[in-house]
Amino acid sequence: MARIDLGTIGNYVGQSVTFGGWLTRKRSSGKIQFLQIRDGLGFIQGVLVKAEVEESVWESAGQLTQESSFYVTGIVREDPRSPSGFELSVTGIEIIQIAKDYPITPKEHGVDFLMDHRHLWLRAPRQRAILRIRAEIISAIQGFFDERGFTLVDPPVLTPSSCEGTTNLFHTKYFEEDAYLTQSGQLYMEAAAMALGKVYSFGPTFRAEKSKTRRHLIEFWMIEPEMAFVDHEENLNVQEQFIARIVSRVLNNCKAELTVLERDVAALERVLPPFPRITYDEALDLLKEIGMELPWGEDFGAPHETAIAEKFDRPVFITHYPASFKAFYMKPDPNRPEVVLCADMIAPEGYGEIIGGSQRIDDPELLEQRFAEHELTEEAYGWYMDLRRYGSVPHSGFGLGLERAVAWICGLDHVRETIAFPRTLYRLYP
């Protein structure tokens with residue numbers, strides 16, 4: 001008999017099937033055994049009635065412990081009470097391995113214990129749901145850009161210089177030269193956009209800042225589109241369409257996973273364009289009204305972003321930040337040069353910034369001025385200046401932090417659950 005998987009179990013109602021799985025838990029009423037089985041693609045309850053199976057099958061079921069592996073054969077039944085909609089009337093069991101003393105039991109465990117056993121914690125229904133949603137988000141991202149004519153380009157992980165200063169980068173030696181683990185592929189994506197028009201990168205990035213907040217990881221994944229002949233306003237339109245597409249895909253394709261996470265889907269259903277837009281100045285006024293006054297020219301922290309987001313029922317753009325604390329490559333507003341044509345997208349429900357983007361400087365003289373102000377050398381950044389010397393055009397881009405987006409969409413308290421093996425300030429194991 002051909003083996004199936006639980007992802008296709010609905011195609012076999014009334015039929016005998018065989019699949020491999022692991023036992024998550026078991027209970028017995030004496031003459032009936034109930035096995036909760038998973039195979040990585042789904043969960044199902046297997047039911048054994050002692051009077052209806054061979055003695056060897058009954059005994060094999062009795063030997064199974066949490067996370068024991070086995071092949072199971074049975075008849076698929078529809079069961080509307082089951083989360084999967086199906087149940088298995090077990091007729092055969094072939095044990096692969098009996099697991100002994102599985103460390104993660106149904107009792108409460110501390111976060112450090114669970115993170116030490118992350119390689120096993122991934123098997124829990126909640127962790128599986130998060131990783132399935134992450135995969136759906138990745139698929140939605142790739143589909144969004146592929147359908148719109150973007151080309152995927154892979155920037156280097158090892159770089160000779162920084163996108164935004166070297167303070168928070170991991171330094172290494174590249175043979176006899178200094179090198180850094182990338183914190184952004186953006187500068188390279190600008191070069192790619194001058195060749196291919198619309199591009200995006202999708203890869204790991206690294207920040208060496210010693211932050212241990214619920215929003216930060218040391219190693220995380222970034223999606224960084226860059227678009228030639230696109231201005232600030234067009235850039236914002238792409239971003240809100242992008243986020244709305246991702247959320248819609250998760251709502252449509254991950255209903256079971258959102259249920260496992262007990263996510264309030266009503267909050268996600270409101271994520272529809274257009275998103276509200278306020279300027280940095282308007283954000284300061286809003287904060288002043290609620291007693292969180294900041295001087296002009298100071299950046300927002302997490303409490304400020306949360307307070308601003310609470311005023312809206314969907315993501316909000318904060319635009320036109322002061323140039324003084326933004327990156328050197330951001331284009332000044334022609335009507336007000338002290339602010340730049342940029343925006344941060346702040347997620348609702350206290351999840352903070354999930355996208356940062358801007359129109360880039362395309363004037364070579366202004367960029368040379370910024371080089372001088374930021375003490376950037378021609379030796380390190382000459383290639384970047386070449387993009388303005390040879391056919392410069394208006395262009396814009398943005399970056400989405402994947403793990404923050406996953407945390408928001410899943411409704412998680414901490415980003416450490418958004419990636420299979422998180423790297424945090426004090427964790428490099430497993």
Side-chain angles (χ1 to χ4, degrees), residues 111-112 114-115 118 121-122 124-141 202-207 209 211-224 239-240 242-251 253-271 275 300-310 312-318 344-357 398-427:
V111 170
D112 284 341
L114 291 171
M115 293 305 299
R118 181 63 173 169
W121 190 26
L122 292 177
R126 172 184 169 87
Q127 302 307 313
R128 172 189 175 277
I130 294 167
L131 293 181
R132 287 294 296 269
I133 290 174
R134 178 189 173 103
E136 187 67 35
I137 290 171
I138 290 171
S139 176
I141 288 168
F202 197 145
T205 52
F206 307 84
R207 293 283 171 95
E209 57 187 323
S211 176
K212 53 181 180 179
T213 77
R214 70 185 185 94
R215 297 180 181 179
H216 287 87
L217 292 172
I218 302 301
E219 175 185 319
F220 55 100
W221 287 68
M222 287 284 289
I223 298 88
E224 297 184 281
Q239 291 175 45
E240 63 186 6
F242 174 58
I243 291 299
R245 169 66 174 274
I246 293 170
V247 172
S248 175
R249 276 280 298 271
V250 172
L251 285 170
N253 297 342
C254 298
K255 292 182 174 65
E257 287 79 11
L258 292 170
T259 299
V260 169
L261 297 174
E262 300 180 335
R263 180 63 165 111
D264 175 14
V265 295
L268 297 177
E269 289 169 347
R270 292 191 290 268
V271 181
F275 295 171
F300 301 130
H304 307 106
E305 291 178 346
T306 297
I308 293 166
E310 286 176 350
F312 304 94
D313 67 351
R314 66 198 68 194
V316 56
F317 288 110
I318 304 176
D344 288 346
M345 183 190 292
I346 310 301
E349 305 173 84
Y351 284 93
E353 178 195 340
I354 53 171
I355 287 182
F398 61 91
L400 168 75
L402 177 61
E403 285 73 24
R404 284 194 185 181
V406 173
W408 162 50
I409 291 172
C410 290
L412 307 179
D413 292 333
H414 200 293
V415 292
R416 63 181 161 235
E417 292 184 73
T418 62
I419 190 169
F421 296 98
R423 296 294 175 247
T424 60
L425 182 57
Y426 299 116
R427 182 163 295 281

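Heavy atoms only: backbone and side chains are in, while hydrogens, waters and symmetry mates are out. Quick caveat, the model's predicted, so the values are computed rather than measured.
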Q: Of all the heavy-atom pairs spanning A407 and T418, show the shortest one and how long it is.
A: N-CG2, 3.6 Å

Q. Rounded to the nearest 0.5 Å, how far does CD1 of I246 lie from CD1 of I243?
A. 4.5 Å

Q.
On a heavy-atom basis, which atom in S211 and which in L425 lie closest, and how many Å separate them?
A. O-CB, 4.0 Å

Q: Evaluate the ring planes of F317 and F275, with Trp represented by its six-membered ring, and classify them as parallel (under 30°), tilted (30 to 60°) or perpendicular (over 60°).
A: tilted

Q | Atom pair NZ (K255) and CG (L258), whose distance is rounded to the nearest 0.5 Å | A | 9.0 Å

Q | From CD1 (I354) to CZ (F398), nearest 0.5 Å | A | 10.5 Å

Q. Any side-chain heavy atom of R404 sitting closer than 4.5 Å to one from Y351?
A. no

Q | Inter-residue atom distance E269.CD - D313.CG, 0.5 Å rounding | A | 12.5 Å

(Q) I'd like to check I355 versus I346 (side-chain heavy atoms, cut-off strictly below 4.5 Å). Are they in contact? (A) no

Q | F206 and I218, any side-chain heavy atoms less than 4.5 Å apart | A | no

(Q) Using side-chain heavy atoms (C-beta onward) and a distance below 4.5 Å, is R416 in contact with R427? (A) no

Q. By side-chain contact (heavy atoms from CB on, under 4.5 Å), which residues pair with P303, not counting sequence neighbours?
A. M292

Q) Should M345 and V316 count as side-chain neighbours, where that means a heavy-atom distance under 4.5 Å? A) no

(Q) Strictly distance-based, threshold 3.5 Å: is any side-chain N or O of H216 a donor or acceptor partner for the main-chain N or O of T213? (A) no

Q) Which pair of non-hydrogen atoms, one from D344 and one from G356, has the smallest distance, and what is that distance? A) OD1-CA, 3.7 Å

Q) Is the closest side-chain heavy-atom distance between Q239 and L400 below 4.5 Å? A) no

Q: Determine, step by step, whether E349 and R263 satisfy the salt bridge (Lys or Arg N to Asp or Glu O under 4.0 Å) criterion, reporting the C-alpha distance in whole Å, the side-chain angles of both residues, the deciding distance to 0.1 Å, and the verdict.
A: CA-CA 12 Å; E349 305 173 84; R263 180 63 165 111; 2.8 Å; yes

(Q) Quick one, E219 with R207, criterion side chain to side chain contact (heavy atoms under 4.5 Å, CB included). Give me CA distance, side-chain angles, the key distance, then yes/no. (A) CA-CA 7 Å; E219 175 185 319; R207 293 283 171 95; over 6 Å; no

(Q) Looking at every heavy atom in both A302 and R215, which two are closest together, and how far apart are they? (A) CB-NH1, 3.4 Å

Q. With side chains defined as the heavy atoms from C-beta onward, is the minimum distance between M115 and W121 less than 4.5 Å?
A. yes

(Q) Give me the atom names and distance for the closest heavy-atom approach of V260 to P125. (A) CG1-O, 3.8 Å

**Q.** Exercise: identify the closest heavy-atom pair between P348 and A309
**A.** CA-CB, 4.2 Å

Q: Show the numbers, then the answer: is there a side chain to side chain contact (heavy atoms under 4.5 Å, CB included) between V406 and I419?
A: CA-CA 9 Å; V406 173; I419 190 169; over 6 Å; no

Q. How would you list, by chain and number, every residue that makes a side-chain hydrogen bond (donor to acceptor under 3.5 Å, both in side chains) with E353, sequence neighbours excluded?
A. none

**Q.** Residue pairs fulfilling side chain to side chain donor-acceptor pair (under 3.5 Å) with at least one residue in residues 125-141, sequence neighbours excluded
**A.** R118-Q127, R126-E417, Q127-E417, R134-E403, E136-R249, E136-N253, S139-R249

Q. Hey, does the side chain of S248 reach the backbone of A244 with a donor-acceptor pair shorter than 3.5 angstrom?
A. no

Q: Take W408 and V271 through the test side chain to side chain contact (heavy atoms under 4.5 Å, CB included) and record every step on the way to the result.
A: CA-CA 12 Å; W408 162 50; V271 181; 3.7 Å; yes

Q. Given I138, which of L402, I133, I223 fulfils the side-chain contact (heavy atoms from CB on, under 4.5 Å) condition?
A. L402

Q: Kindly confirm or rule out a cation-pi arrangement of R423 over F220, judged by NZ or CZ under 6.0 Å from the six-membered ring centre and within 45° of its axis?
A: no

(Q) For the CD1 atom of I409 and the CD1 atom of I130, what is their distance to the nearest 0.5 Å? (A) 12.5 Å

